[in-house]
Amino acid sequence: MRSMFIKRVSSVIFFSFLAIGVQGQTVGDKTLQAGLVGGVGISILKMGTNNLSANGLGSTFTLGTNFTKAFKETKNLAYTFGLEFDIENLNYKKENANVFYRYTDKVIKNQKETVATTDKYFLLSERTYNPLYISLPIYLNFRTEFIGDFRYFANFGLRNRFLVSNKINDTGFSLDNLNDPFQSWQNQENVDMTSKGELFVFNSNIGFTGGAEWNFAGTTVLKAELGYYYGFVPLFLDRSDDKKNLFILDSNFNKVYFSNKSTQNQVVLKVSILF
């Protein structure tokens, strides 16, 4: 459903761009460029708790729109903005302690939720998130004049993102009663789990990118850029007690709930076609 929604939106945007071409201009004279952008990249998690650690590199796939508008005073300075969809894969694993949560069916329970007879406990080994974000990037664009068919640029700015959906896939062991030392622990995968408020709905990055434009036909250019995005807003906030759902056991086997306060940095390669 998510991929079908993105395809429909992209098709509408693409045909809209074909209608806004400016006749009789060279690409160097154009003050507005618009087109489609796609990209792939890696994500690096920096964990905010000693109970969990990053499990390798995550991935990101981006698809959306891109607009670049030159300042009236100079064509070497512009601002770039757009609308993008980020489909991501984030991974972490338990570190120094056994990490548990309580769940029923596909719903992970918070600390303050009433214990039900259908509840089970899960000993977490590894976790994967698959979030979908709507991203609204805006950058200052510093660029050269065209040198032959090529122009070079650097961007600096913000990429503000809003969470649309998220699915959680866990591997570990399931048990019915946390206090029964003789029960059998069952190796299990919990797929497509949900947890209300698990990821913070707003995420923001500072972006630094650089690349080149190739004027390959008329006023149409192919643009490639490599960027580093520093995430200064945590993916997970220090949650209130009623919203925490991960816990460890202390020496007296009491549940000690904690928050996961990781941040995310990314390296992303993007390719755009601008009209």
Side-chain angles (χ1 to χ4, degrees), residues 1-2 42-61 87-133 163-201 203 234-264:
M1 181 178 291
R2 296 194 314 187
I42 59 173
S43 296
I44 306 162
L45 290 180
K46 182 179 180 182
M47 309 306 291
T49 171
N50 292 327
N51 298 321
L52 302 168
S53 64
N55 189 16
L57 298 175
S59 62
T60 182
F61 172 75
I87 302 171
E88 302 200 345
N89 177 283
L90 307 171
N91 309 287
Y92 67 72
K93 59 186 177 180
K94 68 104 173 177
E95 186 60 29
N96 299 319
N98 287 331
V99 176
F100 300 87
Y101 64 79
R102 181 167 53 93
Y103 73 102
T104 294
D105 194 17
K106 292 186 177 294
V107 179
I108 298 173
K109 298 294 190 68
N110 293 327
Q111 178 181 0
K112 295 297 184 180
E113 290 186 74
T114 303
V115 177
T117 56
T118 54
D119 285 354
K120 294 183 178 182
Y121 290 91
F122 195 83
L123 174 59
L124 183 66
S125 296
E126 298 179 359
R127 170 168 287 184
T128 299
Y129 290 101
N130 297 115
L132 170 65
Y133 289 97
L163 182 67
V164 176
S165 65
N166 178 46
K167 291 296 183 182
I168 302 170
N169 298 323
D170 292 333
T171 59
F173 299 88
S174 179
L175 57 158
D176 295 327
N177 188 346
L178 194 63
N179 300 316
D180 183 358
F182 300 106
Q183 69 178 303
S184 175
W185 291 49
Q186 301 176 9
N187 196 338
Q188 182 171 312
E189 291 187 11
N190 281 355
V191 180
D192 289 340
M193 302 295 288
T194 60
S195 176
K196 186 177 180 180
E198 181 72 16
L199 286 174
F200 188 37
V201 295
N203 181 250
L235 294 174
F236 311 87
L237 294 184
D238 190 2
R239 309 175 78 183
S240 58
D241 287 342
D242 62 329
K243 293 184 179 180
K244 293 177 181 177
N245 54 45
L246 297 177
F247 65 88
I248 60 174
L249 299 177
D250 64 15
S251 57
N252 296 318
F253 295 96
N254 295 315
K255 300 182 185 70
V256 180
Y257 283 82
F258 66 94
S259 293
N260 181 7
K261 297 177 287 184
S262 65
T263 56
Q264 175 192 29

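As the structure is a prediction and not an experimental result, all values here were calculated from the model.
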D119 with R102: basic N within carboxylate O range, under 4.0 Å:
yes

Verify the neighbour count for atom NZ of K120: are there more than 12 heavy atoms of other residues, nucleotides or ligands below 6.0 Å?
no

Enumerate, atom names and distances included, each donor-acceptor pair closer than 3.5 Å involving a side-chain atom of residues 255-262, sequence neighbours excluded.
unit_1: S259; atom_1: OG; unit_2: D238; atom_2: OD1; d: 3.3
unit_1: S259; atom_1: OG; unit_2: R239; atom_2: N; d: 3.0

Side-chain contact test, heavy atoms from C-beta onward, threshold under 4.5 Å: evaluate it for P131 versus Y133 and give yes or no.
yes

When rounded to the nearest 0.5 Å, the distance separating OH of Y121 from CG of L178 is 6.0 Å

Less than 4.5 Å apart, any side-chain heavy atom of Y103 and any of S195?
no

From CD (E126) to NZ (K94), nearest 0.5 Å:
10.5 Å

Check the surroundings of atom CG in N50: do more than 12 heavy atoms from other residues, nucleotides or ligands lie under 6.0 Å from it?
no

Where I108 and E113 come nearest, the two heavy atoms and their spacing
O-OE2, 4.3 Å

For D105 against M193, the heavy-atom pair lying closest together:
O-CE, 3.7 Å

Rounded to the nearest 0.5 Å, how far does CG of N254 lie from CD1 of I248?
11.0 Å

To the nearest 0.5 Å, what is the distance between CG (N166) and CG (L235)?
10.0 Å

Check the orientation of F236 and Y92. Use parallel for under 30°, tilted for 30 to 60°, and perpendicular for over 60°.
perpendicular

Can you list the residues that meet the side-chain contact (heavy atoms from CB on, under 4.5 Å) rule with E95, with sequence neighbours excluded?
S53

Ignoring hydrogens, what is the shortest heavy-atom contact between A97 and N51? Give both atom names and the distance.
CB-OD1, 4.1 Å

What is the minimum heavy-atom distance between S125 and G172, and which atoms define it?
OG-CA, 3.6 Å

Whether D250 side chain and N252 backbone form a donor-acceptor pair below 3.5 Å:
yes

Counting only N and O atoms by type, is there a donor-acceptor contact under 3.5 Å from the side chain of K106 to the main-chain atoms of V191?
yes

As a test of understanding, state which of D170, T171, N98 forms a side-chain contact (heavy atoms from CB on, under 4.5 Å) with L124.
D170

Between R127 and E198, is there a salt bridge with N-O shorter than 4.0 Å?
yes

Heavy-atom side-chain proximity of Q188 to F122 below 4.5 angstrom
yes

In a check of side-chain contact (heavy atoms from CB on, under 4.5 Å) between L57 and each of I42, N91, L90, N89, which one passes?
I42

Which residue is it: N245, N110, N190? I am looking for the one with a side-chain hydrogen bond (donor to acceptor under 3.5 Å, both in side chains) to Y101.
N190

Walk me through whether F247 and Q111 qualify under side chain to side chain contact (heavy atoms under 4.5 Å, CB included).
CA-CA 9 Å; F247 65 88; Q111 178 181 0; over 6 Å; no

What is the distance from atom NZ of K93 to atom CE of M47, rounded to the nearest 0.5 Å?
11.0 Å

From D192 CG over to N169 CG, what is the distance, rounded to the nearest 0.5 angstrom?
5.5 Å

